[in-house]
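Presented below is the structure to which this report refers.
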Amino acid sequence: MAETGELCLTLPDGSTRRFPGLVTGAQVAASIGPGLARAALAIRVDGSMQDLNAPLKRDAAIAIVTGKDVDALELLRHDAAHVMAEAVQELYPDAQVTFGPAIENGFYYDFHRSTPFTPEDLAKIETRMREIVARDEAITREVWERDDAIAFFKRKGEHFKAEHIETLPREAEISVYRQGAWLDLCVGPHLPSTGKLGTAFKLTKLSGAYWRGDSNKPPLQRIYGTAWASEQQLKDYLRLLEEAEKRDHRRLGRELGLFHQQEEAAGAVFWHPKGWTLWRTVENYIRGRLAVAGYVEVRTPQLIDRSLWEKSGHWEKFREHMFTVAADGEKVLAVKPMNCPGHVQIFKQGITSYRDLPIRMAEFGACHRNEPSGALHGMMRVRAFTQDDAHIFCTEAQIVTETRAFCDLLQSVYRDFGFTEVKVKFSTRPAVRAGTDEVWDRAEAALKTATEAAGLTYTLNPGEGAFYGPKLEFVLRDAIGRDWQCGTLQVDFVLPERLDASYVAEDGKKHRPVMLHRAILGSFERFLAILIEHHAGSLPFWLAPVQGVVATITNDGDDYAREVAAAAQAHGLRVALDLRNEKIGYKVREHSLAKVPVLLVVGKREGETRSVALRRLGSDRQETVALDAALADLSAAAAGPARS
RNA sequence: GCCGCCGUAGCUCAGUGGUAGAGCACGUCAUUGGUAAUGACGGGGUCGGGUGUUCAAUCCACCCCGGCGGCACCA
């Protein structure tokens with residue numbers, strides 16, 4: 001600010017405006033136009049959001065934030081959390097406030113209260129929220145003395161808030177936002193008044209949480225809501241939720257006869273013939289890709305003695321997730337939760353030369369992990385699963401080329417399954433870990449170099465690495481915009497050391513190989529679930545368990561239909577025959593609902609001309625084609641995605 | 001594991017302190033119909049499991065199992 005007290009603000013279009021002395025964002029908006037003043041929710045000052053009624057103190061680049069601004073949503077949602085907390089405390093004075101942030105698509109607020117909230121309470125709270133919005137209470141910010149604030153919240157019985165202030169750094173500014181008779185400790189920023197929240201919000205669910213996210217601390221009750229800038233956005237979001245429900249793999253798995261789960265085998269999957277066909281198609285596809293990429297495939301035992309898990313470090317770090325079996329009196333066998341120690345045993349047989357490296361050892365390894373009961377979720381989170389696992393034994397110098405090759409393979413595989421958006425996360429050393437800091441330094445540096453060499457952009461995920469090494473995680477985005485973590489690549493200097501794996505180098509001496517743990521799909525169960533949801537059950541032709549159904553119009557066509565089906569099967573197509581005494585409309589409906597990609601309808605006309613009437617899923621067009629041409633066409637499509 | 005909700009026919013769901021019902025699915029029969037439901041008839045349930053309260057429990061209470069939504073966890 002100039003000595004004169006004049007303030008110079010730069011607007012988004014590059015123009016500048018001068019104000020004599022202090023102004024607020026609201027005044028700036030008003031000076032630009034009354035429409036903007038009404039729409040204004042906050043002001044961005046040199047990039048950071050501020051309250052509209054906070055005074056501007058220095059020259060800056062500013063932008064008035066309105067409902068059209070994507071960042072406004074965060075503000076809106078945070079306000080929704082406050083309005084909800086106000087509503088809750090008006091209705092239930094015994095509820096203590098804790099935290100209530102904006103989150104993706106909405107907000108939540110955690111309360112401490114001995115009586116649980118019920119779904120009926122949600123409706124009441126939402127109604128009260130709408131009243132608070134209608135009251136249009138001005139939202140004002142106050143700065144308090146730390147000790148006064150602590151005393152105030154203690155006096156009010158808000159012990160969580162008081163505790164929170166006590167844990168803030170001494171120099172932190174204690175700001176309080178007041179709206180009507182209600183107030184909350186908060187850093188802000190906030191909307192100028194509760195009326196600006198609008199009406200496009202909805203309370204969605206009730207759940208448990210813990211104070212400070214720690215399961216040893218007091219349990220809290222969390223109320224979730226969603227909030228948007230317009231009714232249309234809210235409607236679109238609710239429609240998306242409906243769409244997600246329709247795509248739910250548990251529902252589609254049942255409707256399409258792919259698999260089922262039952263309580264006697266919680267966390268495991270019973271694969272039905274159609275589902276298992278899908279599995280085998282995916283497995284064989286991966287097997288083919290790995291063979292071309294220079295992998296060898298192995299198979300290691302399900303049950304391995306405790307002593308090996310002790311050596312590998314799993315017994316110490318992973319014990320609680322392992323299923324064990326007592327055997328031969330003293331012995332304890334563990335059902336493998338991972339394949340890596342087994343692969344090291346294969347690597348260790350005989351003597352390996354540096355000339356043999358890299359060795360890329362793959363296994364469709366069936367693993368069991370005793371996941372906490374609350375974590376289980378359809379096929380997304382199970383206790384029995386199969387990984388498309390492989391371990392690359394290589395030298396430190398080979399990490400970069402191997403990582404690059406893997407990243408290329410992975411992206412090509414995802415494309416083949418119809419996923420085009422892939423994000424990468426780089427996870428570094430966790431608090432609980434094996435190996436020295438020096439080893440971790442080297443592992444993280446090597447992975448970083450390799451990732452950059454592969455041309456990947458990534459986000460950092462500090463402290464989230466595996467206990468034996470840093471990792472890359474590959475996150476793919478599905479057809480309705482949800483992210484799923486599938487692939488991984490982990491650099492491991494620790495396990496070869498622990499399990500004493502070595503190779504003979506050029507210098508004739510023994511050296512430790514590096515292990516790269518890697519998976520593309522992650523677990524078959526989870527990946528197939530994602531695939532089913534991504535395609536909403538309508539799997540691409542090459543993956544569909546039943547690719548076509550030959551359906552007759554009348555029984556006169558039975559012989560020819562059998563001939564067509566046999567010919568299709570001879571072409572390697574997965575084709576079923578529907579000779580039932582039903583009307584063609586009924587058959588079309590049924591197979592369409594079963595999401596069969598192609599119906600081959602045969603009646604009198606087709607029999608006479610050796611043709612089939614093709615009807616493809618999602619279209620009511622019919623196309624009569626010569627049988628030979630149809631089969632040639634379909635078997636080409638069945639070969640799967642083309643790659644150069 | 002924690003919090004809340006839920007568990008009735010294969011599926012989706014209704015229902016009541018006096019041992020249960022619909023639609024779809026399934027079976028039988030009739031029908032041989034050219035692209036999203038032909039009709040009639042019929043079979044089917046230890047109301048998740050256990051204990052208790054009660055003359056009587058699918059219904060009420062408690063415990064257990066499982067599921068759903070989150071939390072924590074995802075090595």
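Below, all heavy atoms of this structure are taken into account, side chains as well, without hydrogens, waters or symmetry copies. These numbers come from a predicted model, not from an experiment. Chain naming here is simple, since letters A, B, ... match the order of the sequence lines and numbering starts at 1 in each.
Taking every side-chain heavy atom of I584(A) into account, U35(B) is the closest of A36(B), C71(B), U35(B). The side chain of A375(A) lies closest to A72(B), out of C71(B), A37(B), A72(B). Considering only side-chain atoms of N555(A), the nucleotide from A72(B), U35(B), U32(B) that sits closest is U32(B). Of all nucleotides listed (G67(B), U38(B), G34(B)), G67(B) comes nearest to the side chain of A266(A). Comparing U35(B), G69(B), C71(B) by their closest approach to the side chain of K205(A) singles out G69(B). Out of G34(B), G7(B), C71(B), the shortest distance to the side chain of E263(A) is found at G7(B).
Using a 4.0 Å heavy-atom cutoff across all strands shown, Q221(A) reaches no nucleic acid atom at all. R615(A) comes within contact range of at least one nucleobase, with a heavy-atom separation under 4.0 Å. Backbone-only contact: A466(A) has heavy atoms under 4.0 Å from sugar-phosphate atoms and none from a base.
Between the C1' atom of A72(B) and the CG atom of D110(A) lies a distance of 13 Å, rounded to the nearest Å. Note: CG (D620(A)) to P (U35(B)) measures 11 Å, nearest angstrom. Residue I125(A) contributes atom CD1, which lies 13 Å from atom C1' of G4(B) at whole-angstrom precision. For the pair Q262(A) CD and G7(B) P, the computed distance is 20 Å after rounding to whole Å. Rounding to whole angstrom units, CG of residue N216(A) and C1' of C73(B) are separated by 13 Å. The distance between atom CE of M379(A) and atom P of C68(B), rounded to the nearest whole Å, is 12 Å. L376(A) has its CG atom 14 Å from the P atom of G70(B), to the nearest Å. Protein atom CZ of R113(A) is 16 Å distant from nucleotide atom P of C3(B), rounded to whole Å.
Between H164(A) and F99(A), the distance separating the two ring centers is shorter than 6.0 angstrom.
The same atom, P, is picked in C41(B) and in G23(B); the two are 11 Å apart, to the nearest Å. To the nearest whole angstrom, the two C1' atoms, one in C47(B) and one in G7(B), are 10 Å apart. Between U12(B) and C26(B), the two C1' atoms lie 16 Å apart (nearest whole Å). Separation of the C1' atoms belonging to G10(B) and U51(B) is 31 Å when rounded to the nearest angstrom. Only the C1' atoms considered, U19(B) is 10 Å distant from U46(B), to the nearest whole Å. Taking atom P in both G43(B) and G1(B), the straight-line distance is 44 Å, to the nearest Å. Taking the P atoms as reference points, A14(B) lies 16 Å from A22(B), given to the whole Å. Taking the C1' atom of each, G27(B) and C62(B) are spaced 43 Å apart, rounded to whole Å.
In this model, the phosphate group of C68(B) is not approached by any side-chain N or O of R251(A) to a distance below 4.0 Å at OP1 or OP2. Of the side-chain N and O atoms in R254(A), one or more sit less than 4.0 angstrom from OP1 or OP2 of U12(B). Within the structure, a side-chain polar atom (N or O) of S373(A) is placed less than 4.0 Å from OP1 or OP2 of G1(B). The side chain of H377(A) contributes no N or O atom lying less than 4.0 Å from OP1 or OP2 of C74(B). For C71(B), one of the phosphate oxygens OP1 or OP2 lies less than 4.0 angstrom from a side-chain nitrogen or oxygen of Y224(A).
When both pairing distances are held under 3.5 Å, G7(B) makes a Watson-Crick or G-U pair with C65(B). In a base pair of the Watson-Crick type (N1 to N3 plus N6-O4 or O6-N4) or a G-U wobble (N1-O2 and O6-N3), with each distance short of 3.5 Å, C41(B) is matched with G27(B). Of all nucleotides present, only G52(B) satisfies the Watson-Crick or G-U wobble test against C60(B), with each distance under 3.5 Å.
Annotation for N370(A) and R383(A): closest pair OD1-NE, 3.4 Å, computed over non-hydrogen atoms. Shortest non-hydrogen contact noted between N105(A) and R77(A) is N-NH1, 3.4 Å.
In this structure, a donor-acceptor pair under 3.5 Å is present between the side chains of E158(A) and Q89(A). Between the side chains of E363(A) and H343(A), at least one donor-acceptor pair of N or O atoms lies under 3.5 Å.
Salt bridge present: K217(A) and D214(A) bring a charged side-chain N and a carboxylate O closer than 4.0 Å. Between R482(A) and E533(A) a salt bridge is recorded (basic side-chain N to carboxylate O distance below 4.0 Å). Residues R512(A) and D500(A) are paired through a salt bridge, judged by an N-O separation under 4.0 Å between the basic side chain and the carboxylate.
Where D214(A) and E464(A) meet RNA chain B, the nucleotide closest to each residue was compared, and D214(A) sits on the side nearer the 5' end. Between S592(A) and F318(A), the residue anchored closer to the 5' end of RNA chain B is S592(A), taking for each the nucleotide with the nearest heavy atom.
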